[in-house]
Amino acid sequence: IIWTTVCLLYLLFIAFFSYLYPYGIKEYAHIPDSLLKALEEYFTGYLQFTSRLGFLFTTIILYLGKWSFIIINPLVQLGLVILTFFFVFMRWPDFERTKDIYVFMLIALLTVFAVTVPGNTVFWISGACSYRWVFLVFLSVLCLFRLIIEHEYTLPDNLFTKILMLFAGFIVGMSNKSNGPMGVIVFIGFYFYCKCKKIETPSWFFWGLTGLVAGVIALF
């Protein structure tokens with residue numbers, strides 16, 4: 001009951017302020033009337049004023065309507081809280097007990113109130129899609145890297161994993177001006193750390209790195 005209450009309150013909090021936050025001029029200027037038009041708006045925006053991948057999610061959300069953002073955004077933000085907990089403790093929260101609830105609530109509060117301008121990156125459609133939504137992929141990759149370093153765990157080294165990491169790397173690279181360059185630093189640092197610690201680097205890592213570099217090139 002306590003876990004359900006905490007998660008539900010967090011979801012409702014994000015949903016409420018996502019609902020209150022008004023459209024900005026970017027939203028009013030690029031509301032598409034079809035999915036094809038949403039894709040056209042993205043490519044037009046890419047060529048004229050923004051190369052961030054998150055703008056693609058923004059145009060799709062604008063096509064569907066703000067109701068879709070009010071539903072999806074809280075789930076993404078809660079996913080970030082859970083992944084952050086996993087990154088710190090290398091395990092999922094124990095929902096059967098209350099021992100993890102205090103740290104979980106602290107992380108949840110920090111993901112909103114420790115952000116410099118939460119209105120721009122948490123509740124605003126364009127900001128959330130460009131910074132928080134794409135960071136879900138980056139944080140997943142960071143969790144995977146830490147699992148490999150600390151537990152020598154890795155994903156199956158098959159074609160599906162390689163293609164998945166290629167797309168994940170591309171999303172991180174093309175996400176925004178912060179995640180892209182930092183992703184390159186993290187990937188290179190991870191590679192040399194594994195070399196120093198004699199940890200075998202899986203072949204899908206290089207697919208992820210290729211996607212990352214391609215995404216950074218497309219971004220800049």
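Everything numeric here is computed off the predicted structure, so don't read it as measured data.
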pair L64-F69: side-chain heavy atoms closer than 4.5 Å: no
Gap between atom CG of L53 and atom OG1 of T58 - 0.5 Å precision: 9.5 Å
Pair F17 and Y21, ring centroids less than 6.0 Å apart: no
Validation row: K66, Y23 side chains within 4.5 angstrom (heavy atoms): yes
Atom pair CD1/OG of I70 and S18 - distance to nearest 0.5 Å: 7.0 Å
Flag side-chain contact, heavy atom, 4.5 Å: I14 against V76: no
Over 12 non-hydrogen atoms of neighbours within 6.0 angstrom of CD1 in I2: no
Heavy atoms from other residues, nucleotides or ligands near CZ of F16 exceed 12 (cutoff 6.0 Å): no
Cluster overlap V103 with F87, hydrophobic side-chain contacts below 4.5 Å: yes
Mutual orientation of the aromatic rings belonging to W204 and F145 [parallel < 30°, tilted 30-60°, perpendicular > 60°]: parallel
Beyond-backbone contact of L159 with W207, side-chain heavy atoms, under 4.5 angstrom: yes
T44 side chain to E40 backbone, donor-acceptor under 3.5 Å: yes
Test item: side-chain donor near acceptor, Y131 and S126, under 3.5 Å: no
Sequence neighbours excluded - salt bridge (charged side-chain N to carboxylate O under 4.0 Å, His left out) pairs with any residue from residues 124-146: R146-E150
ILVMFWY cluster, L75 and L8 together (side-chain gap under 4.5 Å): no
Heavy atoms of other groups near F89 CZ, more than 12 under 6.0 Å: yes
T50 (side chain) donor-acceptor with Y46 (main chain) under 3.5 angstrom: no
Shared hydrophobic cluster, F43 / L36 (ILVMFWY, side-chain heavy atoms < 4.5 Å): no
Residue F95 excluded, over 12 heavy atoms near CZ under 6.0 Å: yes
For residues 178-197, tabulate all N or O donor-acceptor pairs below 3.5 Å that involve a side-chain atom, not counting sequence neighbours.
| from | atom 1 | to | atom 2 | distance (Å) |
| --- | --- | --- | --- | --- |
| N179 | ND2 | S175 | OG | 3.4 |

Over all atoms of both residues, closest heavy-atom pair of W124 and P22: CD1-O, 4.5 Å
ILVMFWY cluster, L9 and W3 together (side-chain gap under 4.5 Å): no
CZ on F85 to CG on L80, rounded to 0.5 Å: 15.5 Å
More than 12 heavy atoms from other groups under 6.0 Å of OH on Y19: no
Min side-chain heavy-atom separation W133-I72 under 4.5 Å: yes
Donor + acceptor pair across side chains of S130, N176 (<3.5 Å): no
Donor-acceptor contact present, side-chain T98 to main-chain I101, <3.5 Å: no
Donor-acceptor contact present, side-chain D100 to main-chain P93, <3.5 Å: no
Side chains of Q77 and Y10 in contact at under 4.5 Å (non-hydrogen atoms): yes
Interatomic spacing from SG in C7 to CD1 in I82 - rounded to 0.5 Å: 6.0 Å
Shortest non-hydrogen contact from Y63 toward P32: CB-CG, 3.7 Å
Geometric class of the F135/F138 ring pair [parallel <30°, tilted 30-60°, perpendicular >60°]: perpendicular
Closest approach of T59 to A38 (non-hydrogen atoms, all atoms of both residues): OG1-O, 3.2 Å
Minimum heavy-atom distance between L219 and G173, given as atom pair plus value: CD2-O, 3.7 Å
Worked check of side-chain contact (heavy atoms from CB on, under 4.5 Å) between V117 and V122: CA-CA 8 Å; V117 188; V122 180; over 6 Å; no
Side-chain heavy atoms of F220 within contact of V216, under 4.5 Å: yes
Point-to-point distance, once rounded to the nearest 0.5 Å, from OG1 of T84 to CG of L106: 11.0 Å
M174 versus S51, closest heavy-atom pair with distance: CE-O, 3.4 Å
Aromatic plane relationship, F49 with F55 - under 30° parallel, 30 to 60° tilted, over 60° perpendicular: perpendicular
T111 side, atom OG1; L83 side, atom CG - distance, nearest 0.5 Å: 12.0 Å
Where P156 and T161 come nearest, the two heavy atoms and their spacing: O-OG1, 2.7 Å
Verdict with reasoning, F167 to V137, per side-chain contact (heavy atoms from CB on, under 4.5 Å): CA-CA 10 Å; F167 276 105; V137 178; over 6 Å; no
Any V172 side-chain heavy atom under 4.5 Å of V134 side chain: no
R91, CZ: over 12 other non-hydrogen atoms inside 6.0 angstrom: yes
Linked, directly or transitively: V115 and V81 (ILVMFWY side chains, under 4.5 Å): no
Exam field: side chain D157 to backbone S203, donor-acceptor pair closer than 3.5 Å: yes
